[in-house]
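The next block holds one structure in the form of structure tokens; read it before the comments.
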Amino acid sequence: MSLAEPGTYLAELNDAQRDAVLTTEGPVLVIAGAGSGKTRVLTYRVAHLLAAVGVKPNEILAITFTNKAAGEMRERIEAAVGPRARAIWILTFHSACGRILRAEAERLGYKPNFTIYDQADQLRVVKQCLEELERDPKRFVPRGIHTQISNAKNQLIGPDEYASRVGSFYDQTVADVYALYQRRLFNSNAVDFDDLLMLTVEVLKRFPEAREKWEKSFRYVLVDEYQDTNHAQYTLLQLLTAKHRNLMVVGDPDQSVYGFRGADIRNILEFEKDYKDTRVIPLEQNYRSTNSILNAANEVISNNRDRMEKRLWSELGDGEPVRVLEVEDEHAEARFVAGEIALLLELGYSLSEIAVVYRTNAQSRVLEDVLVRQGVAYQVIGGPRFYERAEIKDALAYLQVLDNPFDAVSLTRIANRPKRGVGDTSLARLQALADGMGVSLWEALGRAEEAGLATASLKAVTSFRNVMQSLLATTQEMGVSEAIESVLERTGYIEALEAERTIEARGRLENLEEFVGVAREYEAANPQGNLSSFLQEISLFSAQDALRGEESGGMVTLMTLHNAKGLEFRAVFMLGVEEGIFPHTRSIEENDVEEERRLCYVGMTRAMERLTMLHATRRSLYGRSEMNLPSRFLDELPSEGVERERLRPTSWQNYGQTVARSEYQAPPPRTEIPTLSTGDTVRHGTLGTGIVLRIEPDGVVTVRFEDGSERRLMLEYAPLDRVS
DNA sequence: CCCGTGGACGCCCCA
DNA sequence: CGTCCACGGG
């Protein structure tokens with residue numbers, strides 16, 4: 001597309017889409033059904049603003065749902081208008097707030113290099129607070145308290161206001177913890193995810209100079225996935241667009257699925273009330289799915305009462321019917337999916353065009369077992385993440401402390417890693433000293449002799465502090481990757497892992513190497529980036545950002561329905577479509593089935609050609625075997641264009657060629673299992689030769705074969721031999 | 001101060 | 001069925 005010629009790109013749009021691109025002034029609400037080309041609209045609109053309206057790149061703020069989406073959008077715009085696109089603000093809510101807050105932090109008394117605490121860090125602080133307040137953690141469950149605080153922040157209710165509204169003893173405790181929690185974070189120069197929004201709003205509200213600066217700078221604001229905004233985000237947008245009022249929001253009320261983190265569907269349903277002269281543009285033509293899939297999804301969602309009437313249609317024909325399948329239990333479910341994947345490959349599908357979605361992360365395990373056994377490459381989005389692994393968190397904690405020594409949570413984490421004789425007792429004494437003197441833990445470390453420690457402990461603390469001090473001085477001048485290597489080396493972290501001589505330790509070392517690799521990539525992509533910006537980027541990483549796209553050969557993608565949002569696949573399998581799982585028991589109890597139904601709608605509309613929904617009659621959950629009824633969502637499907645089948649034990653036990661063996665008849669383990677290490681060249685019976693990339697403690701090896709495909713194989717069973 | 005063991009408990013989805 | 005945490009011996 002050439003931007004000198006609006007005619008060329010406008011011709012690629014349908015009437016409604018074109019309208020959305022050309023209506024640049026004033027508030028615009030685009031109701032974009034699933035697969036209706038909203039990314040195209042957003043991209044072209046930005047390009048149009050730059051090329052035809054003459055807007056400067058830094059006057060545009062585009063909010064996307066994930067960093068990955070932001071990156072893709074930036075690429076597409078750059079392809080159209082060139083390097084100018086780099087100056088556009090294309091960010092998620094959290095990263096945009098991170099940036100604004102860094103610029104304005106000092107007005108609130110924070111330093112610009114504040115640390116962002118993740119869920120685990122936040123919980124740890126809540127626990128500390130409960131301890132300090134001497135409340136019974138049985139009665140006041142940290143997780144529950146934290147949820148209350150988080151909800152309050154999403155509603156922009158600060159600690160003082162919360163305290164003034166207390167209605168019960170429980171509330172009073174929450175209020176006390178909230179106040180203390182906030183003070184703790186402040187003293188650590190740290191913020192949590194919710195603070196990014198709440199504090200940004202606070203700074204804009206309290207400081208007119210700040211507000212004027214930012215509302216002036218963003219002449220055009222675009223927001224994707226508007227149906228998932230919460231009150232804080234809503235207020236932020238109001239503040240930022242007060243001057244120019246050029247706000248375009250794009251969303252689909254039927255895809256609002258983040259109620260649990262404060263998303264308020266009314267933001268989109270009542271947008272027209274908030275902005276009187278709103279131009280509403282519905283996009284109903286779908287370019288993704290066949291009509292069988294769309295009709296099925298339309299039927300299901302029409303059972304919701306609280307919605308805007310909308311009906312998607314497509315020109316892609318009826319296609320294959322939607323399949324609803326009953327299986328015996330979760331193992332049969334997994335085997336069936338694995339068998340179907342094999343069939344799809346024969347039909348010419350590639351693994352990367354196939355996704356399996358489910359309600360809860362725990363559901364992936366059974367399927368993973370089967371896929372590993374079959375040697376099917378897959379990736380799990382979400383679940384235990386790279387950055388949540390202990391060794392990566394340790395490395396990150398070191399970096400956090402180097403960037404922000406006041407960060408007490410990170411400092412506590414690394415104080416005794418590797419073991420160096422700084423135990424909980426010593427740390428508690430130091431923390432008490434710090435609290436007593438009103439200084440940070442880091443400063444207390446420097447005056448350890450006043451903390452009344454045993455001689456050995458004092459020595460250990462002093463030597464730890466000296467190491468950190470010297471790292472603080474020397475890493476200043478280094479790039480991020482070099483700093484990480486230096487930290488791991490000089491703290492003895494690497495040495496300690498190597499001394500373990502276990503496969504686990506080896507895996508951890510490999511993960512750390514990968515982490516250094518991440519840092520190198522970051523340096524290459526951001527030549528002017530520093531430690532602070534690297535850490536911020538990592539803290540705001542989302543599950544979808546880890547999605548590996550069209551890598552050669554590819555892999556099947558496994559993920560929760562929430563993580564599937566915004567993605568599309570030629571074939572989609574939806575697991576566990578059963579009462580109690582989907583809709584989840586808790587949603588039924590809390591009368592929130594409409595949100596679950598929207599989630600079902602989201603899942604179904606991910607599929608382009610083939611959609612299979614499965615339910616098992618029996619399923620073990622928490623070690624107990626339960627009988628589940630088919631989900632009510634299955635009852636809501638139309639009869640036309642839907643095929644219902646029941647897989648009887650006899651038919652699934654021998655299902656497909658590769659799946660023929662049931663789990664009780666696995667081939668006998670090989671007698672000679674080759675000893676492999678990463679980098680070895682190996683030969684596989686059917687897959688050819690490849691290189692060992694990674695070895696997991698449970699005997700799973702990852703091999704990259706000559707055709708570029710990566711596979712995870714069970715060393716015990718896979719016909720693998722070492723060739724060099 | 002470290003590590004192993006047994007008991008309690010879980011009860012989603014996420015940046 | 002797993003995980004996480006508290007507790008007690010070495």
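Letters A, B, ... mirror the listed sequences (proteins, then strands); counts begin at 1. Owing to the predicted nature of the structure, the values given are computational and were not obtained by experimental measurement.
The nearest whole Å value for the distance from the CD atom in A/Q122 to the C1' atom in B/dA15 is 10 Å. If you measure from atom CG of A/D224 to atom P of B/dA15, you get 15 Å, rounded to the nearest angstrom. Taking atom CD1 on A/I381 and atom C1' on B/dA15, their separation rounds to 16 Å, with Å as the unit. Spacing between atom CG of A/L123 and atom P of B/dC14 amounts to 16 Å, rounded to whole angstrom units. Between the P atom of C/dC5 and the CZ atom of A/R143 lies a distance of 12 Å, rounded to the nearest Å. Atom pair A/Q128:CD and C/dC5:P shows a separation of 14 Å (rounding to whole Å applied). Counting to the nearest Å, the P atom of B/dC13 and the OH atom of A/Y601 are 24 Å from each other. Rounded to whole Å, atom P of B/dC11 lies 14 Å from atom CZ of A/F260.
Two rings, from A/H562 and A/Y258, have their centers less than 6.0 Å apart.
Just one of A/N113, A/D403, A/D407 meets the side-chain hydrogen bond (donor to acceptor under 3.5 Å, both in side chains) condition when paired with A/N189; it is A/N113.
You'll find a donor-acceptor pair under 3.5 Å spanning the side chain of A/R359 and the base of B/dC12, going by distance alone.
Between A/N563 and B/dC13 there is no side-chain polar atom (N or O) within less than 4.0 angstrom of OP1 or OP2. OP1 or OP2 of B/dC12 has not a single side-chain nitrogen or oxygen of A/T585 nearer than 4.0 Å. Close to B/dC14, at under 4.0 Å from its OP1 or OP2, lies no side-chain N or O of A/K565. A close approach under 4.0 Å does occur between a side-chain nitrogen or oxygen of A/R365 and OP1 or OP2 of C/dG2. Contact annotation: A/N361 side-chain N/O to B/dC13 OP1/OP2 distance is under 4.0 Å. Between A/N416 and the phosphate of B/dC2, there is a side-chain N or O to OP1/OP2 separation shorter than 4.0 Å.
If you check B/dC12, B/dA15, B/dC1 against the side chain of A/S426, the one that comes closest is B/dC1. Relative to the side chain of A/H562, the nucleotides B/dA15, B/dC12, B/dC13 differ in distance, and B/dC13 lies closest. Looking at the side chain of A/K419, the nearest of the listed nucleotides B/dC3, B/dC12, B/dC14 is B/dC3.
Residue-to-nucleotide proximity on DNA chain B shows that, of A/V422 and A/S587, the 5′-proximal contact is made by A/V422. Each of A/E595 and A/S457 has a nearest nucleotide on DNA chain B; the 5'-most of these lies closest to A/S457.
Comment: A/E590 engages A/R586 in a salt bridge, judged by a side-chain N to carboxylate O separation of less than 4.0 angstrom. Between A/E131 and A/K127, no side-chain nitrogen of the basic residue sits less than 4.0 Å from a carboxylate oxygen of the acidic one, so the salt-bridge criterion is not met. Using a 4.0 Å cut-off between charged side-chain N and carboxylate O, A/E225 and A/K38 make a salt bridge.
B/dC13 and C/dC4 have their P atoms separated by 14 Å, given to the nearest Å.
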Working note: A/L634 + A/F582, criterion side-chain contact (heavy atoms from CB on, under 4.5 Å); need CA distance, chi angles, decisive distance, verdict.
CA-CA 10 Å; A/L634 295 176; A/F582 191 32; over 6 Å; no

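Remark: ring of A/Y258 does not overlap the six-membered base ring of B/dC13 in a stacked fashion, as centroids less than 5.5 Å apart with planes less than 30° apart are not both met.
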